[in-house]
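This report refers to the structure that appears directly beneath it.
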Amino acid sequence: MLEGKFEESSLMKKVVDAIKDSVKLCNFNCTEHGVTVQAVDDSRVLLISLLIGEASFEEYRCDRNITLGIDLESFNKIIKNGNSSDFLTLIAEDSPDNVLIIFEDKKKDRVSEYSLKLMDLDSDFLQIDDMEFDATITMPSSEFAKITRDLKTLSESLQIIVTKENVKFSSDGDFGTGNVVLKGFVDMDKPDESIKIDMARPINLTFGAKYIADIVKGTSLSESVTIKLADKSPALFEYKLPSGFLRFYLAPKFDE
Amino acid sequence: NLKQSNITNFFAKS
């Protein structure tokens, strides 16, 4: 049996918001360590890897591994019904047909209970070994979201170029070009505002802007985002959770 | 012209 209670429903709301536009159906795999999701978008360009660690929950128990096949659009309709500050509890039996979603306000004078039908979903699990990256950038997630939205208005591709001194986000479209250059700096008072650039080798990669626009829907999960890049390889975009992470692996574009 | 690669080509099925 699974019983997971969040101190606030806001974490789950943000997680669903962050992934529902990339994938529609996915398995939530529940183990004693927490909840994981691995899913690939329909165009098979973006891979999502989510870990909601046991410590993200106020109370958590999962005696046996349980898979919840969830339609995120339906789940989102239910999850939006809770107030962000409500307790959120997910309950499922072993081999469940549905999952119970319970919201309680903190005064306990209102309890809302929903049941979501589960689906039997096929899913290929991809083995993601520890990848070697040539460059790692950590920056404020909101700044990365703005850069993405701004440059996406010019082109459907977004280029990321990392040199020793800086990182350049660049787009080249029909009516013009644009780029944003960031240098590394340390903000002692607000560490989350810092920009950290670690580069072993220079990087020049191009990605589909629409996929990065989907990735930045994770912005509300974390003050900062870490971007890891390697030549001719998928990029990793990571938003840290209180215990766990939301990672997006994005396949690059190549010269034909 | 740039071609979009496929994420599943980079990771092995397990």
Side-chain angles (χ1 to χ4, degrees), chain A residues 22-23 29 36 38-49 122-133 155-160 170-174 204-212 214-215 228-237 247-256, chain B:
Chain A
S22 301
V23 288
N29 303 299
T36 61
Q38 191 196 83
V40 176
D41 84 303
D42 285 343
S43 58
R44 302 181 86 72
V45 171
L46 187 63
L47 183 148
I48 290 165
S49 175
D122 287 333
S123 69
D124 294 330
F125 194 83
L126 297 173
Q127 191 62 45
I128 301 165
D129 299 319
D130 280 341
M131 294 167 66
E132 298 231 345
F133 293 100
S155 167
E156 54 187 46
S157 291
L158 198 152
Q159 197 178 8
I160 304 179
S170 171
S171 65
D172 185 348
D174 293 336
N204 184 340
L205 286 167
T206 302
F207 300 98
K210 73 170 176 142
Y211 298 104
I212 303 190
D214 279 338
I215 289 169
K228 297 186 178 191
L229 304 160
D231 193 32
K232 297 186 174 65
S233 301
L236 167 58
F237 301 83
R247 292 177 181 157
F248 295 91
Y249 293 86
L250 176 59
K253 289 186 170 186
F254 290 118
D255 274 324
E256 277 189 280
Chain B
N1 256 357
L2 293 172
K3 195 177 176 218
Q4 176 64 60
S5 61
N6 190 325
I7 194 76
T8 51
N9 293 344
F10 293 96
F11 302 115
K13 279 183 194 173
S14 66

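A, B, ... follow the sequence lines: proteins, then strands. Residue 1 opens every chain.
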Region of V45(A) that comes under 4.5 Å of a non-hydrogen atom in chain B:
both
Over all atoms of both residues, closest heavy-atom pair of L47(A) and F11(B):
CD1-CD1, 4.2 Å
Value for OG1 (T206(A)) from NZ (K3(B)), rounded to nearest 0.5 Å, stands at 15.5 Å
CZ of R44(A) to OG1 of T8(B): how many Å apart, nearest 0.5 Å?
4.5 Å
In terms of relative ring orientation, are F10(B) and F254(A) parallel, tilted or perpendicular, with 30° and 60° separating the classes?
tilted
May I ask you to check whether over 12 heavy atoms, not counting those of K228(A), lie within 6.0 Å of atom NZ?
no
Does atom CG of N9(B) have more than 12 heavy-atom neighbours, drawn from other residues, nucleotides or ligands, at distances under 6.0 Å?
yes
Going by heavy atoms in the side chains, are L2(B) and D255(A) under 4.5 Å from each other?
yes
